[in-house]
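Reading through the structure tokens given below for one structure.
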Amino acid sequence: QSYSITSVVPSSYVWSRAAVTGISNVVATAQTANPITETLTNTTNAAVVVRYIITPTSTTGTCAGPAFNYDVTVNPKPTISSAATGSICSGVAQSYSITSAVASSYSWSRAAVTGVSNATVSAQTANPITETLTNTTNAAVVVRYIITPTSTAGTCLGTAFNYDVTVVPTPTISSLATGSICSGAAQSYAITSVVPSSYVWSRAVVAGVSNVIATAQTANPITETLTNTTAASVVVRYIITPTSTAGSCPGTPFNYDVTVIPKPTINSAATGTICTAVAQNYIITSDNPSTYTWTRAAISTINGNVAGSGT
């Protein structure tokens, strides 16, 4: 403080101050300094009144004047009491309420940070902080806010406070968007993301595929066996939603389309007749375009009991 003691009669002054609850300063007596420049420290969260008793003595004649009370209100210095760290998902508005035990207003700033697309901000007063931060990387990035409180009473400036928020990236699926499997054969589709994640997937009922609907599945890889009941390929869509392991941030749903190829069935004749030593011409056909492999067992009375095969 800087309290100048004055009188209409030229004087010197002696002042004292008792110890006061909530003020850390010890008692002061028989002080003559003018102005009073003591630094008083309030150890509470409320204003505390400190009384100085000042006695003037005239310079001429050394006449003592009546004691005078000077009451000074010592406002506490505000300190931030809200959390020093937090975590948010990239692209999602945060809601960080700044608090202090001493009624205050706040000013905050945030530097530009590598890996976060937001530009620098300064001299912001909004409370709560509702910025949406966007992480452009595949790793968590820490962003620091510097918050300075100012008490409502006395406009006393508090110590700057650091709030560090971790911005968790949004996961995206990196595994293939399409695939193909044979009807009746178990698939093995491993879902992957560059951000460590868990996954939930679903699959609708599809005409031509006998499997019932599947919802809220978490198995990874997907090992379903799909059965195509037609003679044509059928596309089945899986909708996969990733959630980051850190921060539980949901990613954008991803479509995985798998083509279920039908099992071919031979539909050419199952029996026939040929003359010995005459080349046959048996055309193998199927309900689905196919290649074929055939074998023939050895028969004692045919071709010297030698087996045969071909494609």
Side-chain angles (χ1 to χ4, degrees), residues 1-2 24 39-47 73-175 191-200 240-254:
Q1 61 183 305
S2 181
S24 63
T39 298
L40 300 177
T41 302
N42 185 340
T43 59
T44 75
N45 292 318
T73 300
V74 185
N75 289 303
K77 185 181 283 189
T79 56
I80 305 293
S81 57
S82 41
T85 60
S87 176
I88 59 171
C89 296
S90 175
V92 177
Q94 58 184 307
S95 182
Y96 176 72
S97 293
I98 311 167
T99 58
S100 171
V102 175
S104 302
S105 59
Y106 309 96
S107 177
W108 55 266
S109 61
R110 174 188 49 72
V113 176
T114 302
V116 171
S117 62
N118 302 67
T120 296
V121 293
S122 60
Q124 303 296 301
T125 58
N127 184 27
I129 297 174
T130 57
E131 273 203 309
T132 298
L133 300 177
T134 302
N135 185 340
T136 58
T137 76
N138 294 318
V141 176
V142 176
V143 172
R144 171 163 288 180
Y145 289 87
I146 300 174
I147 307 168
T148 303
T150 300
S151 64
T152 305
T155 60
C156 299
L157 197 64
T159 304
F161 172 86
N162 293 333
Y163 170 58
D164 292 338
V165 61
T166 300
V167 186
V168 180
T170 300
T172 55
I173 304 294
S174 57
S175 41
I191 311 167
T192 59
S193 169
V194 290
V195 175
S197 302
S198 59
Y199 309 96
V200 174
I240 307 167
T241 302
T243 299
S244 64
T245 304
S248 300
C249 299
T252 303
F254 172 85

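Residue Arg110 holds its CZ atom at 9.5 Å from CD1 of Ile129, rounded to the nearest 0.5 Å. For the atom pair Thr136 OG1 and Asn118 CG, the distance stands at 9.5 Å (nearest 0.5 Å). Rounding to the nearest 0.5 Å places OG of Ser175 at 5.0 Å from CZ of Phe254. Distance check, rounded to the nearest 0.5 Å: CD1 of Ile240 to CD1 of Ile191 gives 4.0 Å.
Identified under the disulfide bond (SG atoms under 2.5 Å apart) test for residues 87-171, with sequence neighbours left out: Cys89-Cys249. Within the structure, every pair that satisfies the ring-ring contact (aromatic ring centres under 6.0 Å, His included) test and touches residues 98-134, not counting sequence neighbours, is listed here: Trp108-Tyr145. Applying the ring-ring contact (aromatic ring centres under 6.0 Å, His included) test to pairs two or more places apart or on separate chains, none has a residue in residues 116-139.
Side chain to side chain, Ser174 and Thr192 meet the donor-acceptor criterion of an N or O pair below 3.5 Å. Between Ser81 and Thr99, the side chains place a donor N or O and an acceptor N or O closer than 3.5 Å (distance only, hydrogens not considered).
No donor-acceptor pair closer than 3.5 Å links the side chain of Ser107 to the backbone N or O of Ala123. Judged purely by atom type and a 3.5 angstrom limit, Thr41 has no side-chain atom pairing as donor or acceptor with the backbone of Ser24.
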Please tabulate, for side-chain N and O atoms in residues 163-173, each donor-acceptor pair with protein atoms closer than 3.5 Å (sequence neighbours left out).
from: Asp164; atom 1: OD1; to: Arg144; atom 2: NE; distance (Å): 2.7
from: Asp164; atom 1: OD2; to: Arg144; atom 2: NH2; distance (Å): 2.9
from: Thr170; atom 1: OG1; to: Ser90; atom 2: O; distance (Å): 3.4

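Applying the side-chain contact (heavy atoms from CB on, under 4.5 Å) test between Leu133 and each of Val92, Val113, Val143 identifies Val143 as the sole match.
Of all heavy-atom pairs between Ile98 and Asn127, the closest is N-OD1, 2.8 Å. Between Gly158 and Thr148, the shortest heavy-atom distance links the atoms O-CG2, 3.8 Å. When all heavy atoms are compared, the tightest approach of Val195 to Ser244 is CG1-CB, 4.1 Å. Residues Asn75 and Ala47 share a closest heavy-atom pair of OD1-CB, 3.6 Å. Here the closest non-hydrogen pair linking Pro78 and Ser100 is CB-OG, 3.9 Å. Nearest heavy atom pair, residue Lys77 against residue Val102, reads O-CG2, 4.4 Å.
For Ser105, the side chain to side chain donor-acceptor pair (under 3.5 Å) criterion is met by no residue, not counting sequence neighbours. Take Phe161 and apply the ring pair (Phe, Tyr, Trp, His ring centres under 6.0 Å) test, not counting sequence neighbours, and it matches no residue.
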